[in-house]
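Please read the structure below before turning to the comments.
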Amino acid sequence: FCGYCGRALNRMREKRRTKADAYRYYCVTNTRVARGICDSPSILEERLTEAVITAIKGQTTVIAGKKKILLATAS
């Protein structure tokens, strides 16, 4: 979902001549609701995947830290 307006993102293939095709996510607001409503840029699927993995790793680190604290206080 779009971080600017909250509407769904649309995945579209970007054809490339010299590299493998890439995929981008676009906010559907400007094409399906009205132009100019949402200022969100498109994002490459690779970057979106990297951002999600980074967020998951960060949350895992937080949870691991909390587990250590709980184990230390339970002893």
Side-chain angles (χ1 to χ4, degrees):
F1 291 92
C2 178
Y4 290 87
C5 70
R7 293 190 188 264
L9 296 176
N10 188 31
R11 181 177 184 243
M12 296 183 70
R13 183 171 55 175
E14 185 178 279
K15 293 185 179 183
R16 296 178 175 178
R17 288 184 177 178
T18 58
K19 297 181 185 178
D21 291 352
Y23 290 90
R24 285 188 173 273
Y25 286 87
Y26 295 90
C27 180
V28 299
T29 300
N30 289 328
T31 56
R32 295 188 185 163
V33 178
R35 285 208 177 269
I37 290 179
C38 184
D39 292 330
S40 98
S42 66
I43 184 168
L44 277 171
E45 185 173 63
E46 295 169 14
R47 290 194 176 206
L48 183 59
T49 302
E50 289 171 8
V52 169
I53 290 170
T54 300
I56 290 170
K57 285 180 180 177
Q59 291 299 312
T60 304
T61 303
V62 170
I63 291 169
K66 288 183 179 186
K67 180 181 177 183
K68 286 181 185 179
I69 293 169
L70 286 172
L71 291 173
T73 57
S75 301

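Sequence positions, counted from 1, serve as the residue numbers for this chain.
- By the side chain to side chain donor-acceptor pair (under 3.5 Å) test, Y25 pairs with E45, sequence neighbours left out.
- R13 has a carboxylate O that lies under 4.0 Å from a charged side-chain N of D21, or vice versa, which qualifies the two as a salt bridge.
- A 6.0 Å sphere centred on CD of E14 holds more than 12 heavy atoms belonging to other residues, nucleotides or ligands.
- For the side chain to side chain donor-acceptor pair (under 3.5 Å) test, residues two or more places apart in sequence or in another chain that qualify with S42 are R24.
- Shortest non-hydrogen contact noted between A22 and L44 is CB-CD2, 4.1 Å.
- In this view, I56 and V52, T60 satisfy the side-chain contact (heavy atoms from CB on, under 4.5 Å) rule, not counting sequence neighbours.
- Looking at every heavy atom in both residues, R47 comes nearest to I43 through CB-CG1, 4.1 Å.
- For the side-chain contact (heavy atoms from CB on, under 4.5 Å) test, residues two or more places apart in sequence or in another chain that qualify with N10 are M12, V28, R32.
- With sequence neighbours excluded, no residue satisfies side-chain contact (heavy atoms from CB on, under 4.5 Å) with K68.
- Residues S40 and C5 form no side-chain contact, since every pair of their non-hydrogen atoms from C-beta on lies 4.5 Å or further apart.
- Side-chain contact between Y26 and C38: absent, with no pair of heavy atoms (C-beta onward) separated by less than 4.5 Å.
- Rounded to the nearest 0.5 angstrom, C2 SG and I37 CD1 are separated by 11.5 Å.
- The number of heavy-atom neighbours closer than 6.0 Å to CZ of R11, taken from other residues, nucleotides and ligands shown, is above 12.
- In terms of heavy-atom proximity, P41 sits nearest to Y4 at CD-CE1, 3.6 Å.
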